[in-house]
Structure formats: C-alpha cells, structure tokens
Amino acid sequence: MKERKLIVTIIFLTGLVFGSFLGEVLGKFKYLAWLNYGKQIGIPHFEVDLYAVNFSFGLTFNCTIACVLGLILALVFYRVIK
C-alpha cells in the first residue's frame, strides 16, 4: 500500500514538473504564451533572527495552465498503468 502511494506521488510530481518545463519552453512562442498564465500560491520567504539562531522559510507554488495540463496527463498515465 505504501509503495502505491509513493508511485502516485512520484507520477503526479513528475507531471507537475514536466508541465512546468513545457510551459517555460513553449511559452516563449507567441501563440503558446497562454501556457505560462497562472498565479503564484504559497508563503513568501521570511527570516527569523534570534541572534544565536537564524533561519528562513518560504514555500511557493507557481500554478500555470501548463502545470495543470501536466497534472492531467499524469493522471491519465496513472489510469493507463493501473
């Protein structure tokens, strides 16, 4: 059961990364620029300085149309191999 969850997580993350990559590459063309349309979601970078301890944290997710399409393709791929 744990292996299946790990495989699903890896497939979905791969779909997100692949979709983002294709959006960056294909978004440079005039007619495919709409693939890079999206919003940035998350917690911006912030820093805590306690003199002896200093740490920073930030987590953002850039959700674009290409990213969503990559996620849909990953879902289809998972259905096929399931």
Side-chain angles (χ1 to χ4, degrees):
M1 188 69 177
K2 287 183 181 181
E3 293 173 358
R4 174 164 279 192
K5 289 181 182 179
L6 180 64
I7 290 172
V8 169
T9 304
I10 290 172
I11 289 173
F12 284 171
L13 287 175
T14 303
L16 287 171
V17 170
F18 184 69
S20 295
F21 174 74
L22 281 180
E24 284 291 321
V25 171
L26 297 176
K28 296 181 194 260
F29 296 105
K30 182 180 178 181
Y31 296 108
L32 296 175
W34 56 272
L35 287 172
N36 275 338
Y37 178 75
K39 296 289 180 184
Q40 192 172 23
I41 303 167
I43 301 168
H45 174 78
F46 68 90
E47 186 174 337
V48 177
D49 187 5
L50 301 174
Y51 192 69
V53 178
N54 183 5
F55 65 92
S56 61
F57 179 76
L59 178 67
T60 58
F61 178 69
N62 192 14
C63 185
T64 63
I65 293 174
C67 191
V68 172
L69 291 176
L71 186 62
I72 291 170
L73 285 175
L75 180 64
V76 169
F77 178 74
Y78 174 70
R79 291 286 194 163
V80 168
I81 66 168
K82 183 179 171 186

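Remark: L69 pairs with L35, I65 by the side-chain contact (heavy atoms from CB on, under 4.5 Å) rule, at least two apart or across chains. With sequence neighbours excluded, no residue forms a side-chain contact (heavy atoms from CB on, under 4.5 Å) with Y51. Remark: D49 pairs with N54 by the side-chain contact (heavy atoms from CB on, under 4.5 Å) rule, at least two apart or across chains.
The ring-ring contact (aromatic ring centres under 6.0 Å, His included) contacts involving residues 58-78 comprise nothing, where partners must be two or more places apart or lie in separate chains.
Neither L73 nor L75 shares a network with the other; the hydrophobic side chains, linked directly or stepwise wherever heavy atoms of I, L, V, M, F, W or Y lie under 4.5 Å apart, form separate groups for each.
K39 contributes atom NZ, which lies 12.5 Å from atom OG1 of T64 (distance to the nearest 0.5 angstrom).
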Side-chain atoms of residues 2-31: list all donor-acceptor pairs with protein atoms under 3.5 Å, sequence neighbours left out, distances to 0.1 Å.
residue, atom, partner, partner atom, Å
T9, OG1, K5, O, 2.8
T14, OG1, I10, O, 2.7
S20, OG, L16, O, 3.0

